Amino acid sequence: YDVEYIRNFSIIAHVDHGKSTLADRLLEITGCIPKAASNKQVLDKLQVERERGITVKAQTASLFYTYEAKKYLLNLIDTPGHVDFSYEVSRSLSACQGVLLVVDANEGIQAQTVANFFLAFEAQLSIIPIINKIDLKNADPERVEKQIEKMFDIPASDCIRISAKLGTNVETVLQEVVRRLPPPKIEKGSPLKALLFDSTFDHYRGVVASIALCGGDVCKGNKIVSAHSGKCYEVNEVGILTPEEVPAEKLYAGQVGYLIAGMKDVQEAQIGDTLHLLKQPVEPLPGFKPAKPMVFAGMFPVDQSEYSNLKSALEKLTLNDSSVSVSRDSSAALGAGWRLGFLGLLHMEVFNQRLEQEEYNASVIMTSPTVPYKAVLSSPKLIKEYGESEITIVNPSAFPDKSVVKEYLEPMILGTIISPDDYLGKIMSLCQTRRAEQKSFLYIDEHRIMMKYLFPLNEIVVDFYDNLKSLSSGYASFDYEDAGYLPADLVKMDILLNGRPVEELVTIAHREKAYEVGKAICERLRDAIPRQLFEIAVQASIGSKIIARETTFHASQNLMHRRCDGDNKETFDSSHLTAAATVVAKSIDTPAILSDNTQFLSENG
Ligand code: GTP
């Protein structure tokens, strides 16, 4: 293979702007898949993706395309669109030299378009802007081209107008990929130097690693070494993805393909690792930062006898998704379970859905999601115990007391909001209620604005996206990036049922908002706890100070009114606590960002 005839590229876009549809058309034109109505989003392999219409795990396909009588190998690397998975986007981009930046001709530039553009720009990739859906009645490609010129400094004349759905101008896209994108840069004469940029797990063959070769070649029987772990493996199979796996004799510098080499789990196949031949070490490629969980939740089987079943289902799933962090957890009311860390709320929901698809039928309880707070300890004894002065708190019940803490820190994010300016006032006041600080404000065309806000992550975790969408009639889009930690005045809030604290309901809140949060939890509990023959006092407290109180309704006014306090305490046993905790865990844990998003996606087909 002559590397001059190879192009490695990726498609990036805001969610629903048509990446997968364009990928399908490219696959059809190049004959990878037959033209048929059933070719809906071939690259979206996972069942969850098909059901939800979103791309979660990046997939690769090698296409052959003849241009001016020369046969080109085009490696298309599909990327997910949702904010939670932006680490997958950057991982895929590192194997590319160029991207197709797809923008909907009706919606124009959205928050993830901006985020994805900058990922590609910072990776110094060539960018081909594509205006998709020109067949739509409201399509306004000219306006979108102006936005692209203004925001990204790319001349409007560089844009290609297409309809991925109808196939209009898609052939031009392939020609421009050949013309405008550079061939991969390879290190001539170097021994094998391959970037591992993705991996999946196959029950029969172990890890299938996606690799991009920057130098050398690799074939069956080669002994390769992971620069990351130093472990050695023998290559069992190499090949290309069309998107089906097609074994090949050898993979050469500049190519993208897969490799199977007896790696037993995805932890061994570290994304960003460099593979080289045994005894022929190379300078490792700059690696990736490991994906960092941003949202944590406890997971418990409703029935403890289901524990081991659930455990094996969890193990299976984490084999394929190394970005979920898992540690054991236990709770008085809910029994033994796990503390799981996710990249974001969508990631959490996708994970749950996959868990259900593992033919795992028992129900699980997920506790309300929390973010990873930090505490800088002041007590020398504790510092010694933890081995460090700064600890991360992923479980609210382990929140250290103010008396042993120098300061608390909370995770921050930089959020980008793009919206028609009609909703400006409403959006600004929403952000204000979320303790956000405006960082920038820009008109991207006559009627659309882009605003950047610094938010505490905690403030957007539960229902921010939901609110944003509904107050803007669905027009505002949102994306965010990690913005480190800032000091915060945090308090631990206990929830008491008839004077007894319930460990599972402990919440960490900002002092300014503690009253509001406590009141909301108490109200929800009051409504959620099944009616009893007696009243239950529901209280929120900070230390010994009660900040909110509600009383549950009792079953019937005709029954003798028994207050469950003092001597009657024993009638209020742990099964009630469990029930209350379960119900509340469930009712708090309705990740609004997700339900809204799901609805929004399905409305758009
Ligand atoms: P994610 O995978 O969720 O990030 O979305 P995506 O960007 O891959 O979008 P997808 O290809 O799934 O398309 C989203 C919706 O837009 C689907 O309903 C498509 O049928 C529709 N669509 C895609 N391209 C076109 C087009 O050119 N014209 C019209 N009218 N609809 C299109």
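First listed ligand is number 1; within each ligand, the first listed atom is number 1. Numbers for residues simply follow the sequence, beginning at 1. What you see below is based on every heavy atom in this structure, not just the backbone, and it leaves out hydrogens, waters and symmetry mates. This structure is a prediction, so every number in the text was calculated from the model and none was measured.
Residues satisfying the ring-ring contact (aromatic ring centres under 6.0 Å, His included) test with Phe342, not counting sequence neighbours, are His347, Phe351.
Selection from Lys137, Gln112, Lys133 by nearest heavy atom to atom 32 (C) of ligand 1 gives Lys133. Counting only non-hydrogen atoms, the option in Leu136, Asp104, Thr21, Ile162 that gets closest to atom 23 (C) of ligand 1 is Thr21.
Under a 4.0 Å criterion applied to the non-hydrogen atoms of Val15, ligand 1 contributes the atoms 3 (O), 4 (O). For ligand 1, the atoms lying closer than 4.0 Å to a non-hydrogen atom of Lys19 are 1 (P), 4 (O), 6 (P), 7 (O), 8 (O), 9 (O), 11 (O).
Any N or O atom pair closer than 3.5 Å counts here, and Gly18 shares at least one such pair with ligand 1. Ligand 1 has a nitrogen or oxygen under 3.5 angstrom from a nitrogen or oxygen of Ala164.
The aromatic rings of Phe121 and Phe118 lie perpendicular to each other, with more than 60° between the two planes, well past the 30° mark.
Of all heavy-atom pairs between Thr113 and His14, the closest is OG1-CB, 3.6 Å.
By the criterion of a heavy-atom distance under 4.0 Å, both the backbone and the side chain of Asp16 are placed next to ligand 1. Using a 4.0 Å cut-off between heavy atoms, Ser163 contacts ligand 1 through both its backbone and its side chain.
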Exercise. Are Lys146 and Glu149 close enough, and set up right, to give a salt bridge (charged side-chain N to carboxylate O under 4.0 Å, His left out), and what steps lead you there?
Worked result: CA-CA 5 Å; Lys146 278 193 194 138; Glu149 208 165 59; over 6 Å; no
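More than 12 heavy-atom neighbours from other residues, nucleotides or ligands sit within 6.0 angstrom of NZ on Lys452.
Screening residues 124-134 for side-chain hydrogen bond (donor to acceptor under 3.5 Å, both in side chains) gives Asp104-Lys133 as the qualifying pairs, with residues at least two apart or on separate chains.
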